[in-house]
Amino acid sequence: MQEMIDRLRSEASAAIAAAGDDAALEAVRVAVLGRKGSLTGLLRGLKDLDDTARREAGAALNVLKEELSAAIEARVAVLGGGTPAASSGYDLTLPGHAPAPAGSRHPLLTVLENICDIFHGMGFSRDEGPEVELDYYNFTALNFPDDHPARDIQDTFYFNEKVLLRTQTSPVQVRMMERREPPLACIFPGRVYRNENADASHSSEFFQVEGLVVDRAVSMADLKDTVDTFVKNFFGASAPTRFRPHYFPFTEPSVEVDMQCILCGGKGCGVCKQSGWLEIMGAGMVHPNVFKSAGYPDDRYTGFAFGMGIDRIAMLKYGITDIRLLYENDLRFLNQFRGVQ
Amino acid sequence: MKISLDWLSDFVDWTDETAVLAERLTAAGLNVEGIEQINKTFPGVVVARVLEREKHPDADRLSLCKVDDGTGAPVQVVCGAPNVRAGLTVLFARVGAELPGDLRIKKSKIRGIESFGMICSATELDLGIDGAGIIELETKLPSGTPADELFGFKDTVLEVEVTPNRPDWLSHVGVAREVAAIYGTKMSLPPVFNAVQGGESLGMKVRVEHYADCGRYTAWGLQRVKIAPSPRWMQNRLRAIGARPINNVVDITNYVMFEMGQPLHAFDRGQLAGNAITVRRAPKNTSVQTLDGQTREVEAGTLMVCDEKGPVALAGVMGLGNSEVSEKTTEVLLESAFFNPSLVRRASRRMGLISESSYRFERVADWDMVERAALRALQLLQEHAGARIVPDWADRHDPDHRPADPLPLRVWQVNRLLGTAVNTGQVAQILQRLGLKVQPMGNAESISAGAVNMMVHVPSHRRDLLLEVDLIEEIARIHGLDQLTGRGGYRAPGGAVRRQPDVVRERLREWLSACGYAEIVTSSFMESGDHDKLALAADDARRATLAVVNPRHGGDTQLRTVLAPSALVVSRRNLNAGATPPLRFFQINRVFRPGQPLGREIRHADEALLPAEHEYVQVAVAGWRDTGLGGLPCDLLEIRGTVEALAGHLRLPLVLQPGADEPWLDAGASWRVCTADGRVVGVAGRVAPAVLAAFDVDGPVALAEVRLDDLDLTPAAARFVPFTRFPAVKRDLSLLVPSGVAFGQIQDTVTEVGGELLELSELFDIYRGKGVPEGNAAFGIRLKFRSGTGSLKGETVDAAIGEILAALKDRWAIETRGL
Ligand SMILES: [Zn+2]
């Protein structure tokens, strides 16, 4: 008997789950629970058993009956989602009314805030500087000699000989150091400008986050740890990073920081140009000439600085293929970032 | 910069495969951006002899030839080249041969005659040799020799990114030095001509007007030069790194530049006037023709190389056409010099002429290479241009020039800056691997703040090493940056501080996006006609803008002074794209106001030149055509509601007062946003129809802008006030309000007369039409009374309402309507 009950349980459950509409479900109900249904048949057969067996089988069959009835009811609810609820007569499938319609935060600034938050958690204070800058702060104070090819790296919008649109957030470093004595741990987000034509990966306006740490004995190893902590927090995994020696006039030693490609795990793909690495920031130890610009005494402090392009990171994070989408403000783009924190 | 590995292997050996070499160079700071395999091969192409040539019977321009391609039997082939003739030794593509451009040679019929192959021209084989006809080879070559043996070429080319501080990497010798340092091996320099002094005079004097402009100028003489194509291996290498072969003399000067990093220039001695070269500044503006055939305007003060008649070269940038080496050249004057980097850079910038030469000079060439590179060129010219070297040379150099002073290095500082624990021996070893000379100082074991452990002598090709810290970077590079491990990241003592503006901006973003507004990021530039479109008055201070003097091609030049246009542009874009109104946007962005007070501490005198950067929050509702309470447009009601709710959310005491200061807002539908003390900090309202039309926006736009940087963003403190627990009494009034009376006036009266008992008055309806006399409106107003001392009696409330109604009638002629 128990065997028959088990078989019925599995067959009937399968049939209920397979029922594609109300009619099919009703057919299953009749075939199992109906007057001539299989379960009803088994119940009728109880009378032929001895007392103990009848009691046991009877209890088991009643449990099964309950189960299958509940399963059929649940299936009704799934299939008949459109049917009005019985008691009130309300059509509960009508659209709801939110207290406010859905808006969105711009993905670029969301990423910028995320980055600042991570550094805030590491004890960095946030500040900002002017976007229209003096050549002095953007270049001279950052150890870019006049008439030097280093200036070519960044095509600059000039208003006159002394005034320009900052090409980097780095001038805020000097402004901060002029105002305050170490220890400093700061983060400077903001908009920067390059005098170049726009294409899928270049925009003449974009965003950077700059970091600066100055203290009595801050080292390049500290920089590496700080970068690794950031990468782990931001990208959510401990993607390996590597430092590649590079050149920036305002840091020495200077490096570019690569992170193992998060899309291919380092195997090489289109996004990382088959290299397995993604460049995420420039960094280095603050150049002694920059400390000089800030008016700090020689040798007293060491420090590190880093800067990263937010646009690229946002594009990586959200799979955005063309930087111009970030500045077109098309709602079909913006709406995709509803609720993104 | 491209580096040929074939070429590089002349100077240094390495064992790794290319990918590993590339990785190690990248790790050392010479970023390899690409690896290109060159494999020039000509399968099926062989040397052949033309045995017979006759005219094609049916085509005047075609020849019918029999060639011996080394297989024995003569092969019949139709040829279209005018220079084909019996006895020539040619390159022949057999049937089945594969030519560049995926051309496969098949048996064919040309004008009825069968042809079994093709006699090739240089163009067809992509050999980079000019000439329309077929190639004529030396007759000695045996038929059947594969073309690969003559012209085949294999190489691997690295595309490297050379940072401006490392001009030494702009040459194969420089990269070889790095490879040697990485692998700890030796590198060798290319062979040079052993100069023989004496006997004969160069016949050319050199004068340098200012050594500051040109620290060294050397000139060398060559005679009986035979101009011809340069040797094939040299052409191959030049082509591999992207240079175009021209002739042996020009190619050799270029070759030496790419090899050793020193730009050279060859003058046709026969074209030089007189017997003296002078390096001097141009006294006045002049016009010259450079050897690329372009006429260029040269500013006074530009450094020139001149003969006795005038300029023959723009020093360090490019030679002039008047003294260019040509096919007729037989005598050459070779220049190798050290020009002032800034002067070369300025000249090159001004003329928009960046040459391989100027690129290297402006990055500071290698002083010691001036002579060596010339001698290398002489050696090559002697060998490949049949030149006789005049055993005399002219050399003018700054007598005050000194090698760089040795740099003191403290191992203490190395470890302090890098977070390493290296010792004096390790440091010295790394520096020596880089070819730097190390002179120990003091006690090698003494690693302390004051202790200089060594003096480091920097060779002339590493003039980027100016300070101790530059040496530390070298140590970091070679020691390996992946070796660095720290203490888990720097943590600021005292922790981070959040500034109020950042907190407020973040709260605004969160709140506005939750209220349905989409955040936008718009350009800091404005379009040139925006101020006119906004109908700003001629004397509006916002018409003063900053304009970029070197805009990108076709780009906007003026920084915006008003935020409004960007909202209109975004509205237009999305309405045109078919988005369903109402569209809601917000942005927090800056405008740039020259001549306005900066509002920050000034440290640099020139900061007076900077504009004030005012930050605004802007909210906008676009395309909403519905009307709401009192027939007011819904967007107008929403914009007001948003500003008020925003002020409430931030606990800022902002109020809206009807009125307009903005010409681009509809005067009858706008407010000033004011602080508690009446200062105007923003505007809100509907954009004037003419302005919408000017910006081509198809639909209404309501917007509000509040300046944040000028606002005290401290939220009002929260402090509990006890409230009464006695019940309230609500009464609804229906008032017949004559037109011209505003709700605000009614509310003021009600509040004033209602006194302490009146807790709240609110408008819930405005009705015009049936049952309401023409020129009147029915206002539904709800009043809520409550006393702090006990439950209100009905008669007390009735009395209060009576007073209110009397005052309304008295002051505004408002009647009650039966409810
Ligand atoms: Zn990848």
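All values below were derived from every heavy atom in this structure, side-chain atoms included, with hydrogens, water molecules and symmetry-related copies excluded. To find a chain, count down the sequence lines: A is the first, B the second, and so on, and within it residues start at 1.
Heavy atoms closer than 4.5 Å to chain A are found in both the backbone and the side chain of B:Glu607. Using a 4.5 Å cut-off between heavy atoms, B:Leu467 contacts chain A through its side chain alone, with no backbone atom that close. Neither the backbone nor the side chain of B:Arg166 comes within contact range of chain A; no heavy atoms are under 4.5 Å apart. Contacts between B:Thr420 and chain A at a heavy-atom distance below 4.5 Å are absent for every atom of the residue. Of the two parts of B:Arg573, only the side chain, counted from C-beta on, holds a non-hydrogen atom closer than 4.5 Å to a non-hydrogen atom of chain A. Only the side chain of B:Asn574 comes within contact range of chain A, with heavy atoms under 4.5 Å apart. For a residue to count as touching a neighbouring chain, one of its non-hydrogen atoms must lie under 4.5 Å from one of that chain's; by this rule B:Tyr359 does not touch chain A. With a 4.5 Å cut-off on non-hydrogen atoms, B:Asn589 touches chain A through its side chain but not through its backbone. Contact annotation for B:Glu362: both backbone and side-chain heavy atoms come within less than 4.5 Å of a heavy atom of chain A. For B:Leu512, no part sits under 4.5 Å from any heavy atom of chain A, backbone or side chain. Heavy atoms of B:Asp464 lying under 4.5 Å from chain A are absent altogether.
Side-chain atoms of B:Leu610 and A:Val163, non-hydrogen and from C-beta on, do get closer than 4.5 Å to each other. A:Arg191 is listed as a side-chain neighbour of B:Val521, based on a closest heavy-atom distance under 4.5 Å. In this structure, A:Pro253 and B:Leu417 have side chains that are in contact, with non-hydrogen atoms separated by less than 4.5 Å. Under the 4.5 Å side-chain criterion, counting only non-hydrogen atoms from C-beta, B:Phe585 is in contact with A:Leu331. Taking the side chain as every heavy atom from C-beta outward, B:Arg603 and A:Tyr137 approach each other to under 4.5 Å. Contact check for B:Leu481 versus A:Met220: side-chain heavy atoms found under the 4.5 Å cut-off. Residues B:Arg509 and A:Leu109 form a side-chain contact, since some pair of their non-hydrogen atoms from C-beta on lies under 4.5 Å apart. The side-chain heavy atoms of A:Tyr136 and B:His604, taken from C-beta on, include a pair separated by under 4.5 Å.
Of the possible polar contacts, one joining the A:Glu205 side chain to the B:Ser524 backbone as a donor-acceptor pair under 3.5 Å is found. Looking at B:Asp606, its side chain never comes within 3.5 Å of a backbone N or O of A:Leu134 through a donor-acceptor pair.
Here A:Arg126 does not pair with B:Glu506 in a salt bridge; the nearest charged N to carboxylate O distance is not below 4.0 Å. Ion pairing between B:Glu601 and A:Arg179 fails under the 4.0 Å rule for side-chain N and carboxylate O. With salt bridges taken as basic N to acidic carboxylate O contacts below 4.0 Å, one links B:Arg499 and A:Asp127.
Residue A:His287 comes nearest to B:Asp470 through the heavy atom pair NE2-OD1, 4.4 Å, listed as atom of the first residue, atom of the second, then distance. Among all heavy-atom pairs drawn from B:Asp482 and A:Lys224, the shortest one is CA-CE, 4.5 Å. Annotation for B:Ser513 and A:Arg105: closest pair OG-CG, 3.5 Å, computed over non-hydrogen atoms. Considering all non-hydrogen atoms of both residues, B:Leu546 and A:Val132 come closest at CD1-CG1, 3.9 Å. Of all non-hydrogen atoms in B:Ala27 and A:Pro245, the two that sit nearest each other are O-CD, 2.8 Å. Minimum interatomic distance between A:Arg332 and B:Ala577 (heavy atoms only, all atoms of both residues): NH2-CB, 3.4 Å.
For the set A:Gly303, A:Ser203, A:Gly123, the entry with the most heavy-atom pairs within less than 4.5 Å of chain B is A:Gly123. Residue with the most contacts toward chain B among A:His246, A:Arg242, A:Glu256, A:Glu133: A:His246 (heavy-atom pairs, distance under 4.5 Å). Listed options A:Ser125, A:Pro288, A:Ala185 were ranked by heavy-atom pairs under 4.5 angstrom with chain B; first place goes to A:Ser125. Of the listed residues A:Val213, A:Asp135, A:Thr156, the one with more heavy-atom pairs under 4.5 angstrom with chain B than any other is A:Val213. Counting heavy-atom pairs closer than 4.5 Å to chain B, the top-ranked of the candidates A:Thr241, A:Leu165, A:Val227, A:Ile187 is A:Leu165. Counting heavy-atom pairs under 4.5 Å between each of A:Phe230, A:Phe248, A:Tyr327 and chain B puts A:Tyr327 at the top.
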| task | Assess whether side-chain contact (heavy atoms from CB on, under 4.5 Å) is satisfied between B:Arg416 and A:Asp299, documenting all intermediate values. | result | CA-CA 11 Å; B:Arg416 180 189 186 211; A:Asp299 244 12; 4.2 Å; yes

| Derivation of the side-chain contact (heavy atoms from CB on, under 4.5 Å) call for B:Glu613 and A:Glu128 | CA-CA 12 Å; B:Glu613 301 187 10; A:Glu128 59 191 7; over 6 Å; no

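In this structure, B:Phe592 has its ring center at least 6.0 angstrom away from the ring center of A:Phe159.
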